[in-house]
Amino acid sequence: YEGYESPKFKVKGNLCFSLFEHIDIRELIAAIDSLEGNISSKIVVTSDDYSSSISGAFSLNVSVTNQKGDSSTITLPLIVEDRPLSVPKIELSEYLVYANKGEQLNFNSYIVDAEDIDGNSLRNEVTVESTVDFRTPGTYHVHYYVTDSHGLRGHSVLTVIVEE
């Protein structure tokens with residue numbers, strides 16, 4: 001097939017949650033195939049370490065197979081924090097991006113806004129922590145943090161897949 005690509009994933013929301021939130025991962029992950037279009041209904045999500053009653057950083061194994069038998073698999077972080085629901089929210093334009101080896105991305109450009117519980121913008125106070133190595137293909141995570149005037153810290157994560 002000319003121009004064919006294996007299925008790609010899309011993450012539609014933040015994968016950082018409070019221990020007190022309901023988590024429905026299937027609502028946040030989509031899969032697009034160049035032959036079939038949206039194949040999100042074929043996604044399988046598994047985890048060897050996730051427990052709904054404890055906080056921590058967990059790994060989600062996400063896979064999908066199209067009708068031709070081509071499959072894609074990624075590992076996504078699921079971060080569950082013991083924090084109140086009133087922490088600041090950091091909204092990103094993307095929560096999963098694909099980059100070619102050697103390409104550089106401006107991680108600040110993905111920040112749409114950050115707001116405290118009162119709706120005050122904290123966008124300019126967001127800090128970004130990244131260990132992405134654009135020279136080495138693999139899956140990396142970029143963490144975004146912001147702290148409000150009450151000392152509550154919000155957290156969002158962007159997954160970066162560096163491809164060959």
Side-chain angles (χ1 to χ4, degrees), residues 7-33 37-65 71-99 105-133 138-163:
K8 299 274 188 186
F9 293 98
K10 179 167 180 62
V11 177
K12 301 181 277 185
N14 191 11
L15 294 176
C16 296
F17 295 91
S18 166
L19 199 54
F20 308 107
E21 286 180 90
H22 170 72
I23 300 172
D24 188 356
I25 293 302
R26 295 196 49 82
E27 290 296 316
L28 294 175
I29 302 172
I32 307 300
D33 182 62
N38 187 339
I39 57 171
S40 300
S41 63
K42 297 180 179 184
I43 291 175
V44 175
V45 180
T46 60
S47 178
D48 295 331
D49 58 0
Y50 173 66
S51 174
S52 61
S53 59
I54 61 171
S55 60
F58 307 100
S59 295
L60 300 176
N61 303 307
V62 183
S63 61
V64 69
T65 303
S71 63
S72 292
T73 302
I74 60 171
T75 300
L76 294 172
L78 175 63
I79 299 168
V80 181
E81 299 169 326
D82 188 4
R83 59 172 168 80
L85 295 173
S86 57
V87 300
K89 304 285 187 233
I90 305 168
E91 180 186 355
L92 304 177
S93 59
E94 301 286 338
Y95 294 90
L96 170 66
V97 294
Y98 292 85
L105 299 176
N106 176 357
F107 298 127
N108 285 323
S109 70
Y110 293 100
I111 303 170
V112 173
D113 202 2
E115 289 186 348
D116 66 14
I117 191 72
D118 299 319
N120 300 312
S121 179
L122 303 171
R123 187 185 191 294
N124 295 329
E125 299 173 42
V126 175
T127 59
V128 180
E129 294 180 7
S130 166
T131 58
V132 177
D133 180 357
T139 302
Y140 301 91
H141 307 294
V142 180
H143 296 271
Y144 296 81
Y145 298 100
V146 70
T147 303
D148 68 12
S149 61
H150 303 290
L152 298 174
R153 185 169 92 154
H155 183 193
S156 282
V157 66
L158 169 70
T159 298
V160 178
I161 298 175
V162 178
E163 299 179 309

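Without hydrogens or angle criteria, Tyr98 side chain to Phe9 main chain gives a donor-acceptor distance under 3.5 Å.
Looking at heavy atoms from C-beta onward, Ile74 lies in side-chain contact with Leu96 at the 4.5 angstrom threshold. Using a 4.5 Å cut-off on side-chain heavy atoms (C-beta onward), Ile39 and Pro7 make contact. At a threshold of 4.5 Å between non-hydrogen side-chain atoms, the residues Ile25 and Leu60 count as touching. Val80 is listed as a side-chain neighbour of Phe58, based on a closest heavy-atom distance under 4.5 Å. The shortest side-chain heavy-atom distance between Ser18 and Val87 does not fall under the 4.5 Å cut-off. With a 4.5 Å cut-off on side-chain heavy atoms, Val45 and Asn61 do not count as touching. Contact of the Phe107 side chain with the Val132 side chain is registered, since non-hydrogen atoms from C-beta on lie closer than 4.5 Å. Looking at heavy atoms from C-beta onward, Phe20 lies in side-chain contact with Asp82 at the 4.5 angstrom threshold.
Shown here is Asp48, whose CG atom has no more than 12 heavy atoms of other residues, nucleotides or ligands within 6.0 Å.
Between Tyr145 and His155, the angle of the ring planes stays under 30°, which puts this pair in the parallel group of the 30/60° scheme.
Closest approach of Val157 to Asn14, counting heavy atoms only: N-OD1, 3.4 Å. Here the shortest heavy-atom pairing between Ser93 and Ser109 reads OG-O, 4.3 Å. In terms of heavy-atom proximity, Pro88 sits nearest to Arg153 at CD-C, 4.1 Å. Annotation for Arg26 and Ile43: closest pair NH1-O, 2.7 Å, computed over non-hydrogen atoms.
A donor-acceptor contact closer than 3.5 angstrom links the side chains of Asp113 and Ser121. Thr131 and Asp133 share no donor-acceptor pair across their side chains, judged by distance under 3.5 Å alone.
A side-chain contact (heavy atoms from CB on, under 4.5 Å) with Val11 holds for exactly one of Thr159, Val62, Leu76; it is Leu76.
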